[in-house]
A.B. asks: 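My questions will all concern the structure given below.
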Amino acid sequence: MTRALPAACLLALGWLPACDSGGDADPGADAAVGPATDGGGPVGADAGPGGDDAAPPLSLRVVSGDLTYVEGQHIYSVQVDGRLRQRITQDAALWSDHAVGPDPRYVAAVRHRDGDGDGNDDADGPGEVWIIDVRDRLSWPISPEGCDAGIGGVGWRDEVRVAFAMSCDGLPSVIYLGSRDDRSRDLAGLLPVTTHEEPVRDVFPAVATPLMTYVVDAQACSAGGTCITKPQIWVADADIGLRCRLTDGDSRFTDTGTITGPDRRLGDHEPAFNGDLSSVVFSRNVGGKGRGPDGHRDLFRVGVDRRALFGGQETCGQGGTLVNLSEDLFEDSYPSPAGPVTGDERYPRGPAGRAPVGAVLYTGQPVVDGAVIGSAVYLVDPSGTRRALTPEGGDASHGSWIVTDYLLDGER
């Protein structure tokens, strides 16, 4: 079931203008002729456990397709119609956040290691940032050993530099820039680009521009002295050091009883720019929709006032533009063995790069008795039509458009 917004609302949300900064190119024009699946329907519909039916290509010059996602222990690329599905990782691992570079020969990806000392890698274990070279079929880490890197996100600043949040020696996490070619894993070779006292995470750089959006883990305390972590979304210009707060979560919502997991964070998460940098999509904790490992999360969108950012103002959210997309565009329900259930919306990606005009990509997770029972990558268009790009009830997540550049115009 869908819910279509009126045209005036679509204009206000920035749905109707084209945001495609690279979709005119043939996405497969530079791909070699290695093996690939080439069927219609949901991506991976013929896959076995983990989606490993797509073997790594024998030869690949660049990552092809329109988007990428994680399924099982590999990262895949695919066209939005489900064709030309390619496995782009050689090594099976617990991959999560990732981004194809402006030179699509390279992918930056977060790989998780053993977090509980049992000798097995854990999805919630410490992260390492790796570079994957699809042409030479090589991969290497660039984050220092012993640090927790790629906390909530990783992305490209330009063809060489990668941005990620990292914590070392128990200190609050900071966003760093590192070179894809620096294999020394030396902390001294990384450039810190944030100076918040609080930990930062979930960084999303707008490639080919100095802008980035990210999360600051602020604290919110009640009159009685009870405090919780209240993540906020910020926007910054890394070249000139300006930054502004875009959102402050829902200050009225402090019910940590909605969280069944160990991490008590209630606020805004996982921001991503749209193609012309006029807005940011993100996931937000909301009440009244059940419990889950991270509470319940809906998709939201808010406009960015870039004049406020460049004018040095403290906040830069455009008034009247905050919208709950989960409520306004589609029914917040997902299939399960017991019938439709409420689910979480996470890892949103606004229309950019090779995305269809106005299309939002996200991961939907049905939740039963406070536990996630599946995960699939979905596309929702401006009319509210939602389509699963991977099998519902599977384990695909972290869908991301392939974007070579964003559009930053106007005065700075």
A.B. asks: Is there a side-chain contact (heavy atoms from CB on, under 4.5 Å) between Leu67 and Leu361 once you walk through the steps?
C.D. replies: CA-CA 9 Å; Leu67 66 139; Leu361 197 67; 4.0 Å; yes
A.B. asks: Is any NZ, NE, NH1 or NH2 atom of the basic residue among Arg87 and Glu71 found under 4.0 Å from an Asp or Glu carboxylate oxygen of the other?
C.D. replies: no
A.B. asks: What's the shortest heavy-atom distance between Glu198 and Pro172, and which atoms?
C.D. replies: C-CB, 4.4 Å
A.B. asks: Name the residue from Ile175, Asp217, Val193, Ile151 that meets the side chain to side chain contact (heavy atoms under 4.5 Å, CB included) definition with Val200.
C.D. replies: Ile175
A.B. asks: I would like to know whether Thr363 and His398 meet side-chain hydrogen bond (donor to acceptor under 3.5 Å, both in side chains); could you show each step before the answer?
C.D. replies: CA-CA 6 Å; Thr363 299; His398 294 86; 5.8 Å; no
A.B. asks: Do the non-hydrogen side-chain atoms of His296 and Asn285 ever get within less than 4.5 Å of each other?
C.D. replies: no
A.B. asks: Table please: side-chain donor-acceptor pairs of residues 370-378 below 3.5 Å, with sequence neighbours left out.
C.D. replies:
residue : atom : partner : partner atom : Å
Ser375  : OG   : Ala396  : O            : 2.6
Tyr378  : OH   : Glu392  : OE2          : 2.7

A.B. asks: Flag the pair Lys289 and Asp298 as a salt bridge only when some basic side-chain nitrogen lies within less than 4.0 angstrom of an acidic carboxylate oxygen.
C.D. replies: yes
A.B. asks: Looking at side-chain heavy atoms only, is the closest gap between Asp381 and Arg387 below 4.5 Å?
C.D. replies: no
A.B. asks: Show the nearest heavy-atom pair for residues Arg386 and Glu331, with the distance to one decimal.
C.D. replies: NH1-O, 3.3 Å
A.B. asks: Do Leu246 and Val304 have side chains that get closer than 4.5 Å, going by heavy atoms?
C.D. replies: yes
A.B. asks: Testing the 3.5 Å rule here: is there a donor-acceptor pair between the side chains of Glu128 and Ser143?
C.D. replies: no
A.B. asks: Between Thr89 (side chain only) and Ile75 (backbone N and O only), is there a donor and an acceptor less than 3.5 Å apart?
C.D. replies: yes
A.B. asks: Check the angle between the aromatic planes of Trp130 and Trp95 and answer parallel, tilted or perpendicular using the 30° and 60° thresholds.
C.D. replies: perpendicular
A.B. asks: Looking only at the side chains, is there a donor atom on one of Thr194 and Arg243 sitting less than 3.5 Å from an acceptor on the other?
C.D. replies: no
A.B. asks: Apply the test side-chain contact (heavy atoms from CB on, under 4.5 Å) to residues Ser64 and Ser77: give CA-CA distance (whole Å), side-chain angles for both, the deciding distance (0.1 Å), then the verdict.
C.D. replies: CA-CA 7 Å; Ser64 62; Ser77 66; 4.3 Å; yes
A.B. asks: With side chains defined as the heavy atoms from C-beta onward, is the minimum distance between Gln219 and Cys227 less than 4.5 Å?
C.D. replies: yes
A.B. asks: Just by distance, no angles: are the side chains of Gln79 and Asp66 close enough, under 3.5 Å, to form a donor-acceptor pair?
C.D. replies: no
A.B. asks: Contact between Arg113 and Asp121 at the side-chain level, heavy atoms closer than 4.5 Å - yes or no?
C.D. replies: yes
A.B. asks: Under 3.5 Å, which donor-acceptor pairs do the side chains of residues 202-215 form with other protein atoms, sequence neighbours left out?
C.D. replies:
residue : atom : partner : partner atom : Å
Asp202  : OD2  : Glu270  : N            : 2.9
Thr209  : OG1  : Ala206  : O            : 2.8
Thr209  : OG1  : Leu211  : N            : 3.1
Thr213  : OG1  : Trp234  : O            : 2.9
Tyr214  : OH   : His196  : NE2          : 2.7

A.B. asks: Name the residue from Leu322, Leu266, Asn324, Ile233 that meets the side chain to side chain contact (heavy atoms under 4.5 Å, CB included) definition with Arg284.
C.D. replies: Leu322
A.B. asks: Flag the pair Cys244 / Glu314 as yes when at least one side-chain heavy-atom distance between them is below 4.5 Å, and no otherwise.
C.D. replies: no
A.B. asks: Charged N to carboxylate O below 4.0 Å: is that the case for Arg245 and Asp268?
C.D. replies: no
A.B. asks: Calculate, to the nearest 0.5 Å, the distance between atoms CG and CZ belonging to Asp182 and Arg161 respectively.
C.D. replies: 13.5 Å
A.B. asks: Parallel, tilted or perpendicular: which describes the rings of Phe282 and Phe300, with under 30° parallel and over 60° perpendicular?
C.D. replies: parallel
A.B. asks: On a heavy-atom basis, which atom in His269 and which in Pro231 lie closest, and how many Å separate them?
C.D. replies: CE1-CG, 3.8 Å
A.B. asks: Heavy atoms only: give me the nearest Val341-Val368 pair and the separation to one decimal.
C.D. replies: CG1-CG2, 3.9 Å
A.B. asks: Measure across Arg354 and Val63 and return the closest heavy-atom pair with its distance rounded to 0.1 Å.
C.D. replies: NH1-O, 4.2 Å
A.B. asks: Looking at Arg301 and Ser279, what are the two nearest heavy atoms and their distance?
C.D. replies: NH1-OG, 3.0 Å
A.B. asks: Going by atom types only, do Asn274 and Asp276 share a side-chain donor-acceptor pair under 3.5 Å?
C.D. replies: yes
A.B. asks: Please work out whether the ring planes of Tyr362 and Tyr334 are parallel, tilted or perpendicular, with thresholds of 30° and 60°.
C.D. replies: perpendicular
A.B. asks: Classify the side-chain pair His98/Ser400 by whether it contains a donor and acceptor separated by less than 3.5 Å.
C.D. replies: no
